[in-house]
Q: 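Once you've had a glance at the structure underneath, I'll fire off some questions.
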Amino acid sequence: MTGELGYSLPPAIRRISTNFRLAGWVGLWIQAVIGVIATLMFTIFLMGGGASAAKAGASLFLTPSLCLVFVKVFWCFRYVRFSRRLRTSNPDLRPKPKDAVRIVSIGLIISLVGTALAIMGAESIVAPLFFKGLDQGLVGIAANVPIANFITAGDILSVFAAINTTFTHFVGLCVSLWLQFMVNRQ
């Protein structure tokens, strides 16, 4: 098929290039939007109130996980650029199949590490909230419990940030697995 490019691409390369471009843009935008939302939520959580065990654990795990979200956004843009390189008219300048496998494998590793960190961050948030809830339920409101012992909207916001972070890494995993499937399909 000769189009506006003026040369014919083999069907397998055209299919892989199209999938890299489409998956790259979809992954980039979904992860960028939800990643920014999660980052804002997490920042609001960290800025509110005093120091707590939940904040310490969350910042230890969620901060690098959120950084990896934006590394993966950049990596999705690399998928788009890789797609452009696949469409070059000179076959000698086209990336080799092993390059496609390598770029997808690195994307998978980024998403897996980010997912693991996000899950550990969520665990470090939920455990202190569980004990706050136990205190709240056992003592009750009538016993003059300090307000710091109650679950607040900021606490729930931190859980929401952790869930959004995990979701963005899940999207990254889906994008990379889809591309791996398409590259290996031949």
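The figures that follow rest on heavy atoms only: side chains count, while hydrogens, waters and symmetry mates do not. Here the structure is a predicted model, which means the values were calculated and not measured.
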Q: Donor-acceptor pairs under 3.5 Å, side chain of residues 21-42 to any protein atom, not counting sequence neighbours: which ones?
A:
unit_1: Gln31; atom_1: NE2; unit_2: Gly27; atom_2: O; d: 3.1
unit_1: Thr39; atom_1: OG1; unit_2: Gly35; atom_2: O; d: 2.7

Q: Treating Ser17 as the side-chain partner and Ser83 as the backbone partner, does any N or O pair qualify as donor plus acceptor under 3.5 Å?
A: yes
Q: Please say yes or no: joined through hydrophobic side-chain contacts below 4.5 Å, possibly via intermediate residues, are Ile125 and Ile156 part of one cluster?
A: yes
Q: Check the hydrophobic clustering (I, L, V, M, F, W, Y; side-chain heavy atoms under 4.5 Å; chains of links allowed) and say if Leu60 and Leu68 are grouped together.
A: yes
Q: Does Phe160, at its CZ atom, have more than 12 non-hydrogen atoms belonging to other residues, nucleotides or ligands within less than 6.0 Å?
A: no
Q: What's the separation between atom CZ in Phe20 and atom CZ in Arg85, rounded to the nearest 0.5 Å?
A: 10.5 Å
Q: Drop me the distance from Thr63's OG1 to Leu46's CG, to the nearest 0.5 angstrom.
A: 6.0 Å
Q: List the atom pairs, donor and acceptor, that lie under 3.5 Å between side-chain atoms in residues 96-110 and the rest of the protein, sequence neighbours left out.
A:
unit_1: Asp99; atom_1: OD2; unit_2: Lys96; atom_2: N; d: 3.0
unit_1: Ser105; atom_1: OG; unit_2: Val101; atom_2: O; d: 2.8

Q: Distance from Thr166 atom OG1 to His169 atom NE2, nearest 0.5 Å?
A: 7.5 Å
Q: Applying a strict under-4.5 Å side-chain criterion to I, L, V, M, F, W and Y, I'd like to know whether Val69 and Phe167 cluster together.
A: no
Q: Could you give the distance from OG (Ser158) to CZ (Phe45), rounded to the nearest 0.5 Å?
A: 4.0 Å
Q: Got a second to check how far Thr165's OG1 is from Phe61's CZ, nearest 0.5 Å?
A: 14.0 Å
Q: Is Trp75 reachable from Val71 through a run of I, L, V, M, F, W or Y residues, each pair having side-chain heavy atoms under 4.5 Å apart?
A: yes
Q: Using every non-hydrogen atom in the two residues, find where Ala162 and Ala122 come nearest and quote the distance to one decimal.
A: CB-CB, 3.8 Å
Q: Using residues 171-179 as the side-chain source, report each donor-acceptor pair under 3.5 Å to any protein atom, sequence neighbours left out, with the distance given to one decimal.
A:
unit_1: Ser176; atom_1: OG; unit_2: Lys72; atom_2: NZ; d: 2.5
unit_1: Ser176; atom_1: OG; unit_2: Tyr79; atom_2: OH; d: 2.9
unit_1: Ser176; atom_1: OG; unit_2: Gly172; atom_2: O; d: 3.2
unit_1: Trp178; atom_1: NE1; unit_2: Asn19; atom_2: OD1; d: 3.2

Q: Please report the interatomic distance CD1(Ile119) to OG(Ser124), rounded to the nearest 0.5 Å.
A: 12.0 Å
